[in-house]
Each structure stands twice: as C-alpha cells, then as structure tokens.
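Comments concern the structure below.
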Amino acid sequence: MYDNMVRSNFIPDTSTHNTVINGFAKAGRVEDALSLLQHMKQKGGFSPNTVTFNVLLGEPSKLGHVGRIENILDLMIEDGCAPDHVTSDLLVRGFCHAGRDEEACNIFSGMVRDVVDPDMSTLNFLIRYLCKAGKIDTAYKFLEELRGLNTKRGLNCKPDIVTWSILMNALCIGKHMREASNLLDGMLESGCKPDSFLYNTLMKGYCKIDKTNEALEVYKKMDAEGCAPDVVTFNTLIFGLSKVEKIDEAKKFLKLMVRKGHSPDVITYTSLMNGMCRKGNAMGALALLEEMEQSVCQPDGCTYNTLMHGLCMCQHLHQALKLYEVLKSKEVDLESGTYAAFLKALCRAGKVAEAYEVFDYVLNSKSLPDIVAYSVLENSLKFFKKPRFSR
C-alpha cells in the first residue's frame, strides 16, 4: 500500500509516516516498525524526526529491553535527530525497568548538563523506583548531585512536593523515623511548604510504631504552619491513640474532627472501637456501634470483626451471641481469627453445642474453607472445660 502511494506520487507527510510506524510499535512489532522505517527512507525519501524515534522507543522502554533501546538510540543519532525530554524520559524508564538504575541516574543528570528541561514526572519516577528498590541512600545522593548541577548551571530542576512525599513515604515504610522527621524540618527550613498528605504520611509512620507523642508533635507543626488537617489526619491520630489505649485523647480528636467540619467515617469508628476493646471496654465499643448505625456512616466487615473479637476477649459472651445472630441475618462473614476467638469463648463457657452450631454454619455458608474451619474448631475444643463430678 505504501509503495502504491509513492508510485502514484502521493508522498505522505511526516505525521502520517509516524502514525503508521506507531501502529506497528504499539502492537509489539518493533522489528517490523524498524524495517518499515528503513523502507520508507529508501523508497519514499522519508526523513524521520525525534517523534519517530520516541515512538519506536515506547515498547522497548516499557519492557526494559536495553539492547533494543540502545540500537534505536544509535539510529536516532545517525539520522541527526536530537533527543528531547520525551526521549530522555523513555530512556530513564527503560533502564529502570531493566534494573540498571545507575545508568538511569546518569541519563537524567546528562539531561540537566545538556540543559534539556526534564519533566518532573521523570525525576519522580526515578526517585520512586529507587525507593521501591530499597535504595533510599542512592536517591538522596542523586538529589544532592542534582542540586550541585543546578547551582553550577543556574538551572531550576529541583524536587517538588511529590518528590519529597515519595521520599517521606519510603522512610516511614522503612521505619527510618529520625530521617523522616529531619526531611520535614529540612523542607520547612528551605521554604518548601509540605501539604497534608506529607504530614499525614509522617504521622502514620509514628503511629504504626506506637510513637503517638511524636505524631502529636507533627500535628502541632502542621497546625502552626497553617496546613489544614483533613479526614486522613484525624483518622491517623485516632487510630494511633486508640492503638495504644489512649481513648480519652482519641475521643478529643473525634470531637475536634467534627468541629472542623469533617464527618467521622467507618475507619474513625472502627479504630476507636478497637482501642476501647483493647482497654477492656467492649460494652463501650458496642454502644459506639449503635451510635454509628444511627448515623449516615454504616459499619463494614472490619467493624463487626473488631467488635465481635473484643466482646469475646472481654468475656461478654451473651452480647457476642446476640451480635452473631444479627450478623448471620445480614450475611456478614467473620474472619478466621474472629471465629476462633468466638469458638474459644463458647468452649471456655462450656457451650459446646453452640460452638458446633457455629461450626456447622461456617461450613454450610462457606464462610471459611473447610480445612480452616476444622482447624479452628479443633484448636477451640482444647479450651473446653469438662465438668467435674463429685465422688
């Protein structure tokens, strides 16, 4: 078809050529696309441009086929086409997908040295890749080198709030909380204003390791800097405080949350219930469930599992049995751990008949796989207290 067009003196423009090549490349037929490019150059006098080669680089970049990427780049240079920021983005992603992060960093630095204005999404992709690979030190080192290049060349390619958020998240996941706190302080000192997402990430990191005092200090900084807390902020603090059984403080934040115009959601209530049950106040958690059911926020499976487990642990078996019947009517399935706690509580109380009834329901409703259900029952029966008969 292409040859017929050329023979009839209808020469397609560059955009048409690129569209045809793109069709082959997107179909994964890069070899055919390259052959077609050579054919177009020979038969139709086509002069490829940077877009042509960016199209060809797309699939190899996604797959991390470095050999193919380098071949296309060589062809690009031979044809005198200068790489642009799209080319560099594809190269960075391709080398990262191939696990060759050092070369990816060098490519990005080369962009800055050559005064090619890089896209911030390329920088953030590279930092995210390094962090996911557990190379946070490499990410920091690379950003420091980038700062030096900016200073030398008078450029303005510097991390944005997304970059810092990626680093903050990686530090918190790795429980490097001192470094995470230093990162926040460094941002504030440099005049980079953190957003609620970044503050929330740091607070969540502290709450996960039960350092609620530090999380509250972050909240104070957030407030002092004029960054408005959102639902995630309050849920994070309520979760953390409830986890360490600081229920009164958690309730204060619940009231503050409402005063600030945020409606408590299922995470808010479930976190608070979990804390109350941990502290032995399962009846208070049950009252909170009733309050929740009367609001627009309805409980989910996690809420019911939390409360059911709490009632069993606190030995409120009568209330647990009543709640269990309600959950059956609503066809809510409990988790294996919750069933185990329920069956143990029944066996401890000598209610083996009720325990077998629950077991039968679990099997018939397929709430748990058979092997798991039998294992749970077997372990629970060990807690059955046999009656003692006097001689």
Does the side-chain hydrogen bond (donor to acceptor under 3.5 Å, both in side chains) test come out yes or no for D84 and T50, once each step is laid out?
CA-CA 7 Å; D84 61 7; T50 301; 5.4 Å; no
Let me see the working for Y219 and Y199 under ring-ring contact (aromatic ring centres under 6.0 Å, His included), right down to the final yes or no.
CA-CA 8 Å; Y219 176 76; Y199 280 113; 9.4 Å; no
Using the rule given for side-chain contact (heavy atoms from CB on, under 4.5 Å), can you reason through L126 versus C96, listing the C-alpha separation, both sets of side-chain angles and the distance that settles it, and then say yes or no?
CA-CA 7 Å; L126 182 52; C96 282; 3.6 Å; yes
How far apart are the C-alpha atoms of V30 and F24, what are their side-chain angles, what is the distance that settles it, and do they pass the side-chain contact (heavy atoms from CB on, under 4.5 Å) test?
CA-CA 6 Å; V30 180; F24 279 93; over 6 Å; no
N200 vs D230, test: side-chain hydrogen bond (donor to acceptor under 3.5 Å, both in side chains). Steps then yes/no.
CA-CA 9 Å; N200 293 342; D230 55 19; 3.1 Å; yes
Give the intermediate values and the outcome of side-chain contact (heavy atoms from CB on, under 4.5 Å) for residues C172 and M168.
CA-CA 6 Å; C172 290; M168 179 66 78; 4.1 Å; yes
Between E214 and M177, is the side-chain contact (heavy atoms from CB on, under 4.5 Å) condition met? List the steps.
CA-CA 10 Å; E214 287 83 349; M177 299 313 298; over 6 Å; no
Begin with the C-alpha distance, continue with both residues' side-chain angles, and end with the deciding distance and a verdict on side-chain hydrogen bond (donor to acceptor under 3.5 Å, both in side chains) for T52 and N49.
CA-CA 5 Å; T52 314; N49 59 10; 2.9 Å; yes
Step by step, work out the side-chain hydrogen bond (donor to acceptor under 3.5 Å, both in side chains) result for T268 and N235.
CA-CA 5 Å; T268 320; N235 280 348; 2.4 Å; yes
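Taking all atoms of both residues into account, the shortest heavy-atom contact from G301 to V332 is CA-CG1, 4.5 Å. Taking each heavy atom of L307 and C277 in turn, the nearest pair found is CD1-SG, 4.4 Å. Taking all atoms of both residues into account, the shortest heavy-atom contact from S88 to I107 is O-CG2, 4.2 Å. For the residue pair M203 and A215, the shortest heavy atom distance occurs at CG-O, 3.6 Å. Between A349 and L317, the closest heavy-atom pair is CB-CD2, 3.5 Å. Heavy atoms only, all atoms of each residue included: A139 and L130 are closest at CA-CD1, 3.8 Å.
Looking at E144 and R147, their side chains come closer than 4.5 Å, going by heavy atoms from C-beta outward. In this structure, L188 and K193 have side chains that are not in contact, with every pair of non-hydrogen atoms separated by 4.5 Å or more. Taking the side chain as every heavy atom from C-beta outward, H318 and K322 approach each other to under 4.5 Å. By the 4.5 Å heavy-atom criterion applied to side chains, M257 and V231 are counted as neighbours. Looking at heavy atoms from C-beta onward, K158 lies out of side-chain contact with L146 at the 4.5 angstrom threshold. Using a 4.5 Å heavy-atom threshold, the side chains of L123 and L143 count as touching. When side chains are defined from C-beta on, L37 counts as touching P48, because their heavy atoms get closer than 4.5 Å. The closest side-chain heavy-atom distance from I238 to Y269 is not below 4.5 Å.
Salt bridge E249/K252: absent, no basic N to carboxylate O contact under 4.0 Å. Ion pairing between a basic and an acidic side chain is recognised when a charged N comes within 4.0 Å of a carboxylate O; K220 and E217 show such pairing.
When the shell of 6.0 Å around CD of E331 is examined, it contains 12 or fewer heavy atoms from other residues, nucleotides or ligands. Environment of NZ in K211: sparse, with no more than 12 heavy atoms of neighbouring residues, nucleotides or ligands closer than 6.0 Å. Residue E335 places its CD atom among 12 or fewer non-hydrogen atoms of other residues, nucleotides or ligands, all under 6.0 Å distant. Other residues, nucleotides and ligands contribute at most 12 non-hydrogen atoms within 6.0 Å of the NZ atom of K204. For CD of E145, the number of neighbouring non-hydrogen atoms (other residues, nucleotides, ligands) closer than 6.0 Å is greater than 12.
The hydrophobic cluster containing V244 does not contain I209, counting ILVMFWY residues as joined when their side-chain heavy atoms lie under 4.5 angstrom apart, directly or transitively. Under a hydrophobic clustering in which Ile, Leu, Val, Met, Phe, Trp and Tyr are joined whenever their side-chain heavy atoms come within less than 4.5 Å, directly or via other members, V258 and F253 fall into different clusters. Put simply, V92 and V66 are part of the same group of oily side chains (I, L, V, M, F, W, Y) that touch within less than 4.5 Å, one to the next. Criterion: ILVMFWY side-chain heavy atoms under 4.5 Å apart, direct or through other members. Under it, Y304 and L321 are part of a common hydrophobic cluster. Under the 4.5 Å side-chain contact rule for hydrophobic residues, V266 and L288 share a cluster.
Checked against a 6.0 Å centroid threshold, the rings of F142 and F108 count as neighbours.
Taking CG of L171 as the start and CD1 of I166 as the end, the distance is 12.0 Å to the nearest 0.5 Å. Atom CD of E59 is separated from atom CZ of R68 by 11.5 Å, given to the nearest 0.5 angstrom. Atom CG of L289 sits about 4.5 Å away from atom CE of M273, to the nearest 0.5 Å. Remark: N106 CG to L91 CG distance equals 12.5 Å, nearest 0.5 Å. Considering CG of D248 and NZ of K279, their distance stands at 6.0 Å, rounded to 0.5 Å. With rounding to the nearest 0.5 Å, the separation of NE2 in H309 from CZ in F342 is 12.5 Å.
Distance alone, capped at 3.5 Å, places no donor-acceptor pair between the Y206 side chain and the T212 backbone. When atom types are taken as modelled, the side chain of T270 and the backbone of I267 share no donor-acceptor pair closer than 3.5 angstrom. At distances below 3.5 Å, not a single donor-acceptor pair connects side-chain atoms of S242 with backbone N or O atoms of F239. The backbone N or O of G275 lies less than 3.5 Å from no partner atom in the side chain of K243, so there is not a single donor-acceptor pair. Using a distance-only test at 3.5 Å, with no hydrogens or angles considered, no donor-acceptor pair links the side chain of E31 to the main chain of G28.
A donor atom on one side chain and an acceptor atom on the other are not found under 3.5 Å apart for N169 and T201. Checked by atom type, the side-chain pair T303/D300 shows a donor-acceptor distance below 3.5 Å.
Checked against side chain to side chain donor-acceptor pair (under 3.5 Å), S271 has no partners two or more places apart in sequence or in another chain.
Residue pairs that meet the side-chain hydrogen bond (donor to acceptor under 3.5 Å, both in side chains) test with at least one member in residues 179-190, sequence neighbours left out, are D185-K221. Applying the side-chain hydrogen bond (donor to acceptor under 3.5 Å, both in side chains) test to residues at least two apart or on different chains, the pairs with a partner in residues 92-103 are D89-R93, R100-E103, D101-K135.
For the pair K328 and Y361, the distance from NZ or CZ to the six-membered ring centre is under 6.0 Å and the angle to the ring normal is within 45 degrees.
A perpendicular orientation is assigned to the rings of F359 and Y356, their planes being inclined by more than 60° (bins at 30° and 60°).
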